[in-house]
Amino acid sequence: MAAARPSLTEVLTPEAYELLEAREERLLRGCQAVIERHNLPGYAVGLGAKGCVTFSPEPVVDYESFKANQDGELADLAWLYNMNRRIYMTPGREEEWTLTVAHSEEDCDGFVAAFDEMAADLTA
Amino acid sequence: MSTRTTVEIERARIAELTEREQRRLDESTPASRAMFERARQALAGGVASAYQTREPWPIYLERGVGSKVWDVDGTERIDFHNGFGSMPQGHAHPAITRAVTERMELGTHFAAPTEDAVIVAEELQRRWGLPRWRFVNSGSEATMDAIRIARAHTRRDTIVKIFGSYHGHHDYVMVSIGVPYHRIGIRDSYESLPYGGGIPQSVADLTDPGAVQRRRRDGAADRAAFRRRAAARVRDHGAGDDEPRGRAPRARLPRGCARADAGGSACC
């Protein structure tokens, strides 16, 4: 409760949520641009502080469509690329990222750069 | 997105890059490897939770500040994991660190209420427009307690969950998550599959992961059947969407049905 109190009253304020949305938008735009520049299957999707890149060529609307179109090998490779390029990403296939109020634009750009490097290596 | 022409990525290329990147990560995490050898002698799987396991060894962290974390090899990374969504505040936020430090000096556990709980409840009440709050230790406890309350209140046993979603660690909801594609079942009648051993099929059968699909298909007719049968619908939400934004969270629920959020809240 001692932590929850300032978390609500001083940290997760309306202004903080606006910042989170701006960072989220920057990250989603950056990832989507990589996908389109390299003609990868998939898309970037997110809401609030959470988001992910899925390599599904079809829109994922529920677990069935997720599982039918999941590319586990590519998701595993993306995690390794992130870890080797100073991006600590959620483990597990196609898990979502979580942004914080501390993330900068440069932090988001770092994530996009690691993804871009993988896309370039895959399509070289 | 479906109108774009996409490249066909060669599986051999993915395998080649995976081998290269795996080797690079292994070579840069010798301290994690050593920690794993020690940890596995005392911790099950060498980790504090099954969600932290990884082959060939987990990456052990040492500290975090803001958006950054450092592993036991001293490597700095930008954290996009953030506790599976539970840390939108970032690590060691000064305001939270100060408050916790002050509380430590005043004592921390009394098994008695404190003003902090009242202030947090008042703020959540203001944000969500929900009248009363009860705090628990985790999202698992929240869904477990909410389901129990809903069953007592409605005198119904069946609950509905989203197929494939994680809603907590107790038997009621460890059903039909992480299921291979060939075991999902028929779309209108998804299977109620216990997640591993120790969860009786009779318990899993009380959890219906197909009702959401049937409601979409059958509309009003199935909504009525749902109302007669289900004690609760379990859902979850990600970090960052806990602002009400003017919507009443209960407005979309059938009357008499409870909601349990794996994010740590419950209402009915």
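Within every chain, numbering begins at 1; the chains are lettered A, B, ... in the order of the sequence lines, protein sequences first and strands thereafter. Below, each value reflects all heavy atoms present in this structure, side chains not excepted, and no hydrogens, waters or symmetry copies.
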If you count heavy-atom pairs within less than 4.5 Å of chain A, which of [options] leads?
{"options": "Arg98(B), Glu21(B), Glu8(B)", "answer": "Glu21(B)"}
{"options": "Arg24(B), Glu16(B), Arg103(B)", "answer": "Arg24(B)"}
{"options": "Val100(B), Thr97(B), Asp79(B), Leu124(B)", "answer": "Asp79(B)"}

Find out whether [X] and [Y] are in side-chain contact, i.e. whether some heavy atom of one side chain is under 4.5 Å from a heavy atom of the other.
{"X": "Glu96(A)", "Y": "Phe84(B)", "result": "no"}
{"X": "Leu17(B)", "Y": "Met118(A)", "result": "no"}
{"X": "Leu12(A)", "Y": "Gln89(B)", "result": "yes"}
{"X": "Leu8(A)", "Y": "Arg127(B)", "result": "yes"}
{"X": "Phe80(B)", "Y": "Thr90(A)", "result": "no"}
{"X": "Pro88(B)", "Y": "Val101(A)", "result": "no"}

- How far apart are the C-alpha atoms of Lys67(A) and His182(B), what are their side-chain angles, what is the distance that settles it, and do they pass the side chain to side chain contact (heavy atoms under 4.5 Å, CB included) test? CA-CA 9 Å; Lys67(A) 210 64 183 172; His182(B) 70 277; over 6 Å; no
Can you tell me how far [atom2] of [Y] sits from [atom1] of [X], rounded to the nearest 0.5 angstrom?
{"X": "Ile14(B)", "Y": "Asp71(A)", "atom1": "CD1", "atom2": "CG", "result": "5.5 Å"}
{"X": "His81(B)", "Y": "Thr100(A)", "atom1": "NE2", "atom2": "OG1", "result": "14.0 Å"}
{"X": "Glu122(B)", "Y": "Thr9(A)", "atom1": "CD", "atom2": "OG1", "result": "12.0 Å"}
{"X": "Lys68(B)", "Y": "Ser104(A)", "atom1": "NZ", "atom2": "OG", "result": "5.5 Å"}

Assess whether atom [atom1] of [X] is packed by more than 12 heavy atoms of other residues, nucleotides or ligands within 6.0 Å.
{"X": "Arg11(B)", "atom1": "CZ", "result": "yes"}
{"X": "Leu106(B)", "atom1": "CG", "result": "yes"}
{"X": "Glu76(B)", "atom1": "CD", "result": "yes"}

- Which residues from residues 81-89 of chain A are near chain B, with near meaning under 4.5 Å between non-hydrogen atoms?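 Residues in range: Tyr81(A), Met83(A), Asn84(A), Arg85(A), Arg86(A), Ile87(A), Tyr88(A), Met89(A).
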- State whether Glu73(A) and Arg13(B) are salt-bridged, where the test is any N-O pair (Lys NZ or Arg NE/NH1/NH2 against Asp/Glu carboxylate O) under 4.0 Å.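 Looking at Arg13(B) together with Glu73(A), the answer is no, because their closest N to O distance does not fall below 4.0 Å.
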Which residue out of [options] racks up the most heavy-atom pairs below 4.5 Å with chain B?
{"options": "His38(A), Glu24(A), Glu10(A), Gln70(A)", "answer": "Glu10(A)"}
{"options": "Phe111(A), Phe66(A), Trp97(A), Phe55(A)", "answer": "Phe111(A)"}
{"options": "Ser7(A), Ala16(A), Ala4(A)", "answer": "Ser7(A)"}

- Test Arg187(B) against Asp62(A) for salt bridge (Lys or Arg N to Asp or Glu O under 4.0 Å), laying out the working first. CA-CA 11 Å; Arg187(B) 187 167 182 77; Asp62(A) 53 19; 2.7 Å; yes
Select one option (side chain, backbone, both, neither) describing which atoms of [X] are under 4.5 Å from chain A's heavy atoms.
{"X": "Glu123(B)", "value": "side chain"}
{"X": "Arg54(B)", "value": "side chain"}
{"X": "Thr18(B)", "value": "both"}
{"X": "Ile9(B)", "value": "side chain"}
{"X": "Ile184(B)", "value": "side chain"}
{"X": "Pro94(B)", "value": "neither"}
{"X": "Val179(B)", "value": "both"}

- Hey, are Tyr190(B) and Glu64(A) close enough side-chain-wise for a donor-acceptor pair under 3.5 Å?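 Yes - a donor-acceptor pair under 3.5 Å links their side chains.
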- Item | Test side chain to side chain contact (heavy atoms under 4.5 Å, CB included) applied to Leu80(A) and Gln22(B), step by step | CA-CA 7 Å; Leu80(A) 287 169; Gln22(B) 181 65 63; 3.7 Å; yes
So which part of [X] gets closer than 4.5 Å to some heavy atom of chain B, the side chain, the backbone, both or neither?
{"X": "Thr123(A)", "answer": "side chain"}
{"X": "Glu36(A)", "answer": "both"}
{"X": "Asp76(A)", "answer": "neither"}
{"X": "Ile35(A)", "answer": "both"}

Looking only at non-hydrogen atoms, find the nearest pair between [X] and [Y] and report the distance.
{"X": "Gly85(B)", "Y": "Lys50(A)", "answer": "CA-NZ, 3.8 Å"}
{"X": "Gly164(B)", "Y": "Tyr63(A)", "answer": "CA-CD1, 3.4 Å"}
{"X": "Arg4(B)", "Y": "Gly42(A)", "answer": "NH2-O, 3.1 Å"}
{"X": "Pro6(A)", "Y": "Ala99(B)", "answer": "CG-CB, 3.5 Å"}

So, the side chain of [X] versus the backbone of [Y]: is there a donor-acceptor pair under 3.5 Å, distance only?
{"X": "Asn39(A)", "Y": "Val7(B)", "value": "no"}
{"X": "Ser67(B)", "Y": "His103(A)", "value": "no"}
{"X": "Arg5(A)", "Y": "Ile96(B)", "value": "no"}

- Sequence neighbours excluded, which residues qualify as salt bridge (charged side-chain N to carboxylate O under 4.0 Å, His left out) partners of Glu25(A)?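 Residues passing salt bridge (charged side-chain N to carboxylate O under 4.0 Å, His left out) with Glu25(A): Arg29(A).
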- Item | Chi angles and distances behind the side chain to side chain contact (heavy atoms under 4.5 Å, CB included) call for Tyr181(B), Asn69(A) | CA-CA 10 Å; Tyr181(B) 182 65; Asn69(A) 297 293; over 6 Å; no
